[in-house]
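Here's the structure, in structure tokens; my notes come after.
Nothing here was measured: the structure is a model prediction, and the numbers come from that model. In listed order, ligands and their atoms are each counted from 1.
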Amino acid sequence: MVKIGNIELPDFPLLLAPMEDVSDPPFRRLCKQHGADLMYSEFISSEGLIRDAIKSRQKLDIFDYERPVGIQIFGGDEEAMAMSAKIVETVNPDLIDINFGCPVKKVVCKGAGAGVLKDVDLMVRLTKAVIRSTSLPVTVKTRLGWDENSINIDEVAERLQDIGVQALTVHARTRAQMYKGHSDWSHVERIKNNPRITMPIFGNGDIDSAEKALEYKNKYGLDGMMIGRAAIGYPWIFNEIKHFFETGTHLPKPTISQRVEAAKNHLQWAMDWKGEKLGILETRRHYTNYFKGLPNFKEHRMKMVSSEDPEFIFETFAEVLGIYEGIELV
Ligand SMILES: Cc1cc2nc3c(=O)[nH]c(=O)nc-3n(C[C@H](O)[C@H](O)[C@H](O)COP(=O)(O)O)c2cc1C
């Protein structure tokens with residue numbers, strides 16, 4: 001068992017990564033259904049939260065069936081981070097996660113996200129401010145360092161644990177790498193092997209198959225792993241990995257009918273959550289992934305993404321099922 005504060009997770013838990021515009025309640029519900037053990041909201045700006053920005057507040061929506069669930073915040077100002085932790089606490093998540101890894105310029109320029117990797121003292125102050133203002137467990141997600149010449153995750157891990165951080169997830173790239181090149185988990189393995197480190201250490205980056213998950217589990221000896229991009233349009237990955245860990249055999253791939261069901265649920269849940277118009281708009285980006293690999297799919301996708309009529313979109317799903325049922329995707 002892996003523990004974060006009072007949260008009990010199974011051995012070697014699989015975490016759904018926080019992903020902006022992706023990790024919202026409908027998507028999380030699908031991932032939960034298919035085996036994710038711990039999930040996070042997309043990152044939420046602390047400044048936005050305290051300005052009461054509607055968009056930021058909406059990202060705080062969580063539901064009991066998705067527990068345990070964490071809310072992720074980011075920011076470069078101690079007071080704003082402390083205040084936003086208090087706001088986050090009002091919706092009663094299981095934990096608060098701080099993002100010190102976002103490489104995007106608009107975040108880094110404000111001294112937040114991965115920007116803080118250049119200033120570990122500031123990172124520690126920001127984290128302390130959050131820990132002091134909440135009774136929830138606080139966890140951190142970050143990268144290896146700013147660039148390959150300044151990998152400082154060893155120092156970061158020790159200092160964060162010393163002030164009370166209860167788990168650390170490392171996306172095993174530097175900020176300079178953005179999403180390019182490979183993630184190098186050997187740096188995360190080193191943290192885990194540091195005898196001073198007792199908090200759970202989760203690895204993240206490039207897990208896209210059950211084989212790779214097992215290879216990395218065996219090779220790096222961490223406490224669990226976080227999966228992001230590979231779950232987009234493919235929430236089945238969590239149970240596929242778990243099954244492979246347990247049996248060494250593969251679950252059958254989801255059928256077209258299961259893919260259509262997932263897309264339908266996603267759309268329905270998004271509309272239930274955000275209303276018809278926004279639900280339809282925000283689910284559009286997922287269809288390509290649910291139906292990846294289907295030959296001549298473009299025409300159907302175009303129908304799905306250009307309509308604002310839910311009935312029409314549901315009919316298109318039924319049409320897709322009729323045409324492609326029985327095709328096996330690898
Ligand atoms: C579309 C997208 C949005 C992301 N948004 C966030 C975010 O809000 N917070 C965060 O910590 N990381 C974010 N990330 C990074 C992921 O959480 C994860 O660290 C990264 O994708 C590497 O994992 P993967 O190879 O399994 O995708 C985002 C990544 C993607 C692709």
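- For the pair D24 and K274, the salt-bridge criterion is not met [side-chain N within less than 4.0 Å of a carboxylate O].
- For atom 5 (N) of ligand 1, the closest non-hydrogen atom of the protein is E20 N, 2.8 Å.
- Taking all heavy atoms of I207, V140, N204 into account, the minimum distance to atom 22 (C) of ligand 1 is reached by N204.
- The nearest protein atom to atom 9 (N) of ligand 1, hydrogens excluded, is given as Q72 OE1, 2.7 Å; this is a heavy-atom distance.
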Full working for salt bridge (charged side-chain N to carboxylate O under 4.0 Å, His left out) between E42 and K59: CA-CA 7 Å; E42 57 185 301; K59 293 179 185 172; 3.8 Å; yes
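- Two residues are said to be in side-chain contact when any heavy atoms from C-beta on lie closer than 4.5 Å; L60 and L49 meet this criterion.
- Listed by chain and residue number, E89 satisfy the side chain to side chain contact (heavy atoms under 4.5 Å, CB included) test with S135 (two or more places apart in sequence, or in another chain).
- If you look at D206 next to ligand 1, the close heavy atoms, those under 4.0 Å, come from the backbone and the side chain alike.
- Of all protein heavy atoms, the one lying nearest to atom 10 (C) of ligand 1 is N99 ND2, 3.1 Å.
- Ring to ring, H300 and Y287 are not that close: their centroids are 6.0 angstrom or more apart.
- Within the 4.0 Å heavy-atom criterion, both parts of M19, backbone and side chain, lie near ligand 1.
- Where the criterion is an N or O separation shorter than 3.5 Å, residue side chain and backbone included, G228 meets it with respect to ligand 1.
- At a threshold of 4.5 Å between side-chain heavy atoms, the hydrophobic network of Ile, Leu, Val, Met, Phe, Trp and Tyr places L16 and I201 in one connected group.
- When hydrogens are left out, the protein atom nearest atom 8 (O) of ligand 1 is F43 N, 3.0 Å; that is the closest non-hydrogen contact.
- Under a 4.0 Å criterion applied to the non-hydrogen atoms of K141, ligand 1 contributes the atoms 10 (C), 11 (O), 12 (N), 15 (C), 16 (C), 17 (O), 18 (C), 19 (O).
- Residue-ligand proximity: C102 is placed with every non-hydrogen atom at 4.0 Å or more from ligand 1.
- Looking only at heavy atoms of the protein, atom 6 (C) of ligand 1 is closest to P18 O, 3.0 Å.
- Applying the 6.0 Å contact sphere to NZ of K212 captures more than 12 heavy atoms from other residues, nucleotides or ligands.
- In the vicinity of A17, heavy-atom distances shorter than 4.0 Å reach the ligand 1 atoms 17 (O).
- Residue M178 places its CE atom among more than 12 non-hydrogen atoms of other residues, nucleotides or ligands, all under 6.0 Å distant.
- Among R229, R173, M226, the residue whose heavy atom sits closest to atom 24 (P) of ligand 1 is R229.
- Between R67 and D64 there is a salt bridge, since a side-chain N of the basic residue sits under 4.0 Å from a carboxylate O of the acidic one.
- Protein heavy atom nearest atom 15 (C) of ligand 1, with residue, atom name and distance: Y179 OH, 3.2 Å.
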